[in-house]
Each structure stands twice: as C-alpha cells, then as structure tokens.
Number of protein chains: 2
Amino acid sequence: MGLTKTEKFTEEQNHISTIAKAFAHPARVAILQHLFKIDTCFCGDLVTEIGLAQPTISQHLKELKQQGLIQGTIEGTSVCYCINKENWNAMKGKLSLFLNQDLTLSMNCC
Amino acid sequence: MGLTKTEKFTEEQNHISTIAKAFAHPARVAILQHLFKIDTCFCGDLVTEIGLAQPTISQHLKELKQQGLIQGTIEGTSVCYCINKENWNAMKGKLSLFLNQDLTLSMNCC
DNA sequence: TCTATTCATCGTAATATTGCAATAAGCTAA
DNA sequence: TTAGCTTATTGCAATATTACGATGAATAGA
C-alpha cells in the first residue's frame, strides 16, 4: 500500500529506479541543465532562474546531492553548486547498460 | 500542495521528467528487463516472475504502455507484451541528449 | 553587537504513487 | 449457454512526493 516492495527486486533494478527518480521532476532536470550551462552557480540564482520558492529548490538540491550528482561548497553566506562529474559519468554508465539492452533479437512481436 | 508546477518548466524538461518516471519504479524496470530478455511474454508470466499482485502489474504495464515503451496485443484470453522498439529508441535519443551534456568545460568547481 | 543576507530545516497541507481485494470484461471451450 | 481462464478496472488504504511559510543557523559587514 503505497510502499514500494524493494525486497522483491534486484539491487540493479532498485538502483536504476533510484537514478531515474532524480530526473523524475522537471525542477531537478532544470537545475541540472542550468548547472551544465552555467557550470557553477549559487542556490539563490536557481531560485530566481526556476521560480519556485527557496525551500523547494533547497529540497530538490538536497535530493540531487544525496545521489551524488551535484556537490555544494559554502562560500561566505552562499553555497556554490556544481555537477559532480565523476558521479555523473558513473551514473550515465549504469543507466546506459539499461537503456542499451539488445534490441536486435527480432522485430516487434505484436 | 504536492502539485508539480508543470507550467514553470520547458517542454523538454517536462518531457525528460516524464520519461524518467517510467523507470522510477523497480517493478517497471524489472518488467522492461524481462521483456528484453524474453523478447515477448504474457501478462501472467510477469505476475509470477515479479511477484506482485496481478492488478499491480497491470497498472505498471498501463503506465509503460501510455508512454509507448511497450505494446500489447490480445491473443485469445491473454495479452502478449513486448518492447516498442521504435519508441524505445526515440526515448533513448531524447534522454541521451540530456545525459550527454558537455562535461568538458572545466573541472569540478567546488 | 546588531543587522542583513543566504541557505537549510521544520512543520504542514495537498496531490501523487503504490498495492491489492473485489469485480468487471472478454475470450475459449465444453 | 455456462464455466473457466486471463487481464483490466474500480475503490480504497497507506506511503511518498511536492510546495511553501516560518524559523533556525551561519556568515559578512556596519
């Protein structure tokens, strides 16, 4: 009932779904795109850029940080965020294995 | 609230998050992996393979079908599901654009 | 020290998602 | 037709997610 039955699935399946959850909200997609474009930016910039309330952005940043996709360092009173490129590439590799499963076996069957 | 503010984001950002939602549950990952492995299978096979109740599997299949990632054709009393390879590749292309954003600009900044 | 600024956390309200029992719908075969 | 099988739908309960006001923590500058 509303509780995902994690124990029924393999570690890989749970991992892939966890990765996907990071991208499963447009605000987090927007944050990542902005960080790629700008290379580095403060939390406050994201608030004005995206137009959600500051606690909401902070919450999305926390999720991305927990997955290791971004990192933040304190600079005076503000926090500078950027993509963690090593972890991003690792994530990409993991996800690619799933996305690039062999499609050549046959034509659509049905 | 709890209501995602879709209007605040670009069409692309909303699209990517919608794609990601398809993979954001291990049961749907497991269904897709099984369909890749077996190439085609009946809904009932997935129920025994994955071990969730039949209505639950049916619901996950519905979501994957709505995204166009899988398709099902009725065969007698059962339904044969398989990957929609055209749509799968289209999805992969869209997601790759997001995943492969340029990382070469600089080292980690912070 | 006091104030202003920036960001994180807490608490809460609302919507979304997950899971399943019960049931409906559709087909096959007797 | 009836019985049996398979899958979809409905309805409900429980957990998860999203959003934001209020507040707290930390720093910089007056």
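Residue numbers begin at 1 in each chain, while the letters A, B, ... track the order of the sequences. Values below: every heavy atom of this structure, side chains too, minus hydrogens, waters and symmetry copies.
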*Between the side-chain atoms of Gln59(A) and the base atoms of dA8(C), is any donor-acceptor pair under 3.5 Å?*
no
*Within the pair Thr4(B) and dT18(D), is there a side-chain N or O less than 4.0 Å away from OP1 or OP2?*
no
*asked:* Please tell me whether Ile74(A) and Leu61(A) are part of a single hydrophobic cluster in this structure, the criterion being side-chain heavy atoms less than 4.5 Å apart.
replied: yes
*Take the protein atom CD of Gln66(A) and the nucleotide atom P of dA8(C), then report the distance between them rounded to whole Å.*
12 Å
*Between Leu61(B) and Ala27(A), which has a closest nucleotide on DNA chain D that is more 5'?*
Leu61(B)
*Considering only dT10(D), dA28(D), dA19(D), which nucleotide approaches the side chain of Pro55(B) most closely?*
dT10(D)
*asked:* Please tell me whether Gln33(B) and Gln101(A) have a donor and an acceptor in their side chains that are separated by less than 3.5 angstrom.
replied: no
*Which heavy atom in Thr6(A) sits nearest to a heavy atom in Asn14(A), and how many Å separate them?*
O-ND2, 3.1 Å
*Let me know the distance between CD1 of Ile74(B) and P of dT7(D), rounded to the nearest Å.*
11 Å
_Nearest heavy atom decides the nucleotide; on that basis, is Phe9(A) or Asp45(A) closer to the 5' end of DNA chain C?_
Asp45(A)
*Selected nucleotide, minimal atom distance to His25(B) side chain, candidates dT18(C), dC20(C), dT9(C)*: dT18(C)
*Is the shortest side-chain N/O distance from Thr77(A) to OP1 or OP2 of dA28(D) below 4.0 Å?*
no
*With ring centroids as reference points, do Phe98(B) and Phe23(A) lie under 6.0 angstrom apart?*
yes
*When the nearest nucleotide of DNA chain D is assigned to Ser78(B) and to Glu63(A) on a heavy-atom basis, which residue is associated with the more 5' position?*
Ser78(B)
*asked:* Rounded to whole Å, how long is the line connecting atom CD1 of Ile31(B) with atom C1' of dT7(D)?
replied: 13 Å
*asked:* Closest approach to the side chain of Lys21(B), judged atom by atom: which nucleotide of dA28(D), dA8(C), dT17(C) is it?
replied: dT17(C)
_N/O (side chain, Tyr81(B)) to phosphate O (OP1/OP2, dA8(D)) under 4.0 Å_ = yes
*Specify the closest pair of heavy atoms between Ile50(A) and Ala30(A), including all atoms of both residues, with the distance to one decimal.*
CD1-CB, 4.0 Å
*Tell me which nucleotide among dA8(C), dT18(D), dG19(C) gets nearest to the side chain of Ser58(A).*
dA8(C)
*Could you say whether Gly76(B) or Cys43(A) is positioned toward the 5' end of DNA chain C, judged by the nucleotide with the nearest heavy atom to each?*
Cys43(A)
*Ignoring the backbone of Gln54(A), work out which of dC20(C), dA8(D), dC7(C) is nearest its side chain.*
dC7(C)
*Please state how far atom CD in Gln71(A) lies from atom C1' in dA8(C), giving the value in whole angstrom units.*
18 Å
_Value in whole Å for how far the P atom of dT17(D) lies from CG of Leu64(A)_ = 14 Å
_Between dT17(D) (P) and Lys62(A) (NZ): distance, integer Å_ = 12 Å
*dC20(D), dC20(C), dC7(C): which one has an atom nearest the side-chain heavy atoms of Val79(A)?*
dC7(C)
*Lys5(B) side-chain proximity, nearest of dG19(C), dT7(D), dA19(D)*: dA19(D)
*Would you call the rings of His25(A) and Phe9(B) parallel, tilted or perpendicular, where under 30° means parallel and over 60° means perpendicular?*
perpendicular
*Length of the CD-C1' vector between Glu75(B) and dT28(C), whole Å*: 14 Å
*Looking only at side-chain N and O atoms, does His60(B) come under 4.0 Å of OP1 or OP2 in dT17(C)?*
no
*Specify the separation, in whole Å, of atom CD of Glu7(A) and atom P of dT18(C).*
15 Å
_Taking only side-chain N and O atoms of Lys8(A), does any of them lie within less than 4.0 angstrom of OP1 or OP2 on dG19(C)?_
no
